[in-house]
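Proteins come first, then strands; the chains are lettered A, B, ... in the order of their sequence lines, and each starts at number 1.
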2 protein chains.
Amino acid sequence: MTQSPEHPLAPLIQKLEYSGPLSSDDRNAILALPYTLKSFEPHSYIVRHGDRPAYSCLLRSGFAFRHKVVADGGRQICSIHMKGDIVDLQNCLLGYADHNVQVLTHAEVALIPCKAVREITVERPAVGLAMWSDTLVDGSIFREWVTNVGRRQARRRLAHLLCEFSLRLEAAGLGARDHYVLPMTQEQLADCTGLTPVHVNRTLRQMDLDGLLERTNRAVTVNDWKRLAEVGDFRTDYLHLREDQLQIAQ
Amino acid sequence: MTQSPEHPLAPLIQKLEYSGPLSSDDRNAILALPYTLKSFEPHSYIVRHGDRPAYSCLLRSGFAFRHKVVADGGRQICSIHMKGDIVDLQNCLLGYADHNVQVLTHAEVALIPCKAVREITVERPAVGLAMWSDTLVDGSIFREWVTNVGRRQARRRLAHLLCEFSLRLEAAGLGARDHYVLPMTQEQLADCTGLTPVHVNRTLRQMDLDGLLERTNRAVTVNDWKRLAEVGDFRTDYLHLREDQLQIAQ
DNA sequence: CGAGCGTTTGATCGGTGTCAAGGATCGTGG
DNA sequence: CCACGATCCTTGACACCGATCAAACGCTCG
């Protein structure tokens, strides 16, 4: 994206500008936030259910996911996060973590003190509004996941999930909607969709046979995005992306 | 609750103080927000998917729910709302509604212009933080719903939903956790849990037979709340209620 | 080359959906 | 005060989607 070495907090600006451009004062205030850099090994936890973290984590590279564990040991993944996402913004205001956050791959993170997050929202209301907007988009995505898991059949569910990834990766500049790297195992896909790994395997295989997509290792190639979106009952609106972030007309 | 006639926006203060007390200046600023009163007949829509509303709706009485419709006509309810909830705060910042909001019962609502909502967050940062917190709690509840619908069996799912209602109603001063009025049909419970009405009926009946609860019309009596919480794999933490709002020790 | 992890596949099981019909309750109007 | 219709609840028989169990296969990385 950038030739010059990127400021560690630059992805945050990019993300917060999803809801509209910020003034240069606002951008500078974001870049002036205090932070500590940290990296996480694959599968390690950023936050555990019950923690009372003093920092917010900005994902600078890699992928992370939120999940909860139920009584019988089952796991449900509630969301996937990528570069630019703040994965535990809520802990700053709510005090304790109500779920786990774990990295998928190796990940680079910037830790921003909660206190600084609260302060910037007071001193620069536009930044506060942008963060609030980001939280609202998060909520919108959760609603779509409730719907996906609650009311769609396996095939649609998986297609929907793949469509969501493709657009979010595209918007974040991490891939193209019809060809991208998805660093998730079938077991993790199962935990996103409330299915079992076995059934995810069969369903993906069938979609593959039907020519909907091709899989090589973890790369996904979508042959006909529009068709996949139809199968997945997928609408882009809930992602609340800007027009110019959706490069190809849907 | 109050002897003197309550200010129409008072429930909003009560709700925003879930995350901590506000100063009297902040409270007065809230009460000074412009608003219009409106009532909705049972089953009528407050907001439809795709709308671009200019107002936020504060629920003053009655119940409402958010829902989405999928390709085959199925409906998924994403959340239930009660007195004090702002049911479409997100539209103020995000521009358009990504889902439907419908009332369950007759409901009294106060419409607050989006502009006024944005302004108060700038002028009174503490109010902005409280609204943001409220959005974050919303998100937490959505995550729990994803988990509930994705990874729990029908019996646990329903028990969990009933536990959530009981605590939220108790916190809002609308009932006791072991006895309350739930104005939902079994079809609506099914749409909350991703089940069919028939299966909800059978499952509730079995819970009734097992002595977990008693149902008369729409009133629910919980015989042993702790046991219901166990069946529902229910933890209170995700609701982010204050200690003093949970009257009975869990 | 072997271990470990993830993927693939088959056989069978079970929880929930579907279809269908009857019963209860409640508001409304004669 | 009763009749009626509408809506919701209840129940049974059966079907099916996805879960479970088990085993083999294929990468990839020491």
**OP:** Indicate whether OP1 or OP2 belonging to C:dT7 is found under 4.0 Å from a side-chain N or O atom of A:Arg218.
**Re:** yes
Original post:
Distance check: side-chain N/O of B:Arg215 vs OP1/OP2 of D:dC8, anything under 4.0 Å?
Top reply: no
Original post:
Taking all non-hydrogen atoms of both residues, which atom of B:His160 and which atom of B:Asp233 are closest, and how far apart?
Top reply: CD2-O, 3.8 Å
Subject >> Spacing of A:Gln186 atom CD relative to D:dC25 atom P, expressed in whole Å >> reply: 18 Å
**OP:** Could you state the atom-to-atom distance from CG of A:Asp72 to C1' of D:dA19 in whole Å?
**Re:** 12 Å
**OP:** Write down the distance between CD (B:Gln206) and P (D:dG12), rounded to a whole number of angstrom.
**Re:** 12 Å
Close N/O contacts between protein and nucleotides 14-21 of chain C (under 3.5 Å):
residue : atom : partner  : partner atom : Å
C:dT16  : OP1  : B:Ala154 : N            : 3.0
C:dG17  : OP1  : B:Gly194 : O            : 3.4
C:dG17  : OP1  : B:Thr196 : N            : 3.4
C:dG17  : OP2  : B:Thr196 : N            : 3.1
C:dG17  : OP2  : B:Thr196 : OG1          : 2.8
C:dT18  : O4   : B:Arg202 : NH2          : 3.1

Original post:
Salt bridge check: are A:Lys83 and A:Glu108 linked by an N-O gap of less than 4.0 Å?
Top reply: no
Original post:
Quick one: B:Leu182 CG to D:dC9 P, roughly how many Å, whole number?
Top reply: 10 Å
**OP:** Check the pair A:Glu170, A:Tyr180 against side chain to side chain donor-acceptor pair (under 3.5 Å), reporting the backbone distance first and the verdict last.
**Re:** CA-CA 9 Å; A:Glu170 190 175 275; A:Tyr180 58 92; over 6 Å; no
Subject >> Atom-to-atom span, CG of A:Asn201 to P of D:dC25 - whole angstrom >> reply: 16 Å
**OP:** Let me know the distance between CG of A:Leu204 and C1' of D:dG18, rounded to the nearest Å.
**Re:** 14 Å
Subject >> Pair B:Arg151 + A:Asp72: basic N to acidic O under 4.0 Å >> reply: no
Original post:
Can you find a pair of side-chain heavy atoms, one from A:Asp138 and one from A:Ser79, that are under 4.5 Å apart?
Top reply: no
Original post:
Any salt bridge between B:Arg168 and B:Asp85, counting N to O under 4.0 Å?
Top reply: yes
**OP:** Mind calculating the distance between CE (B:Met184) and C1' (D:dC9) to the nearest angstrom?
**Re:** 16 Å
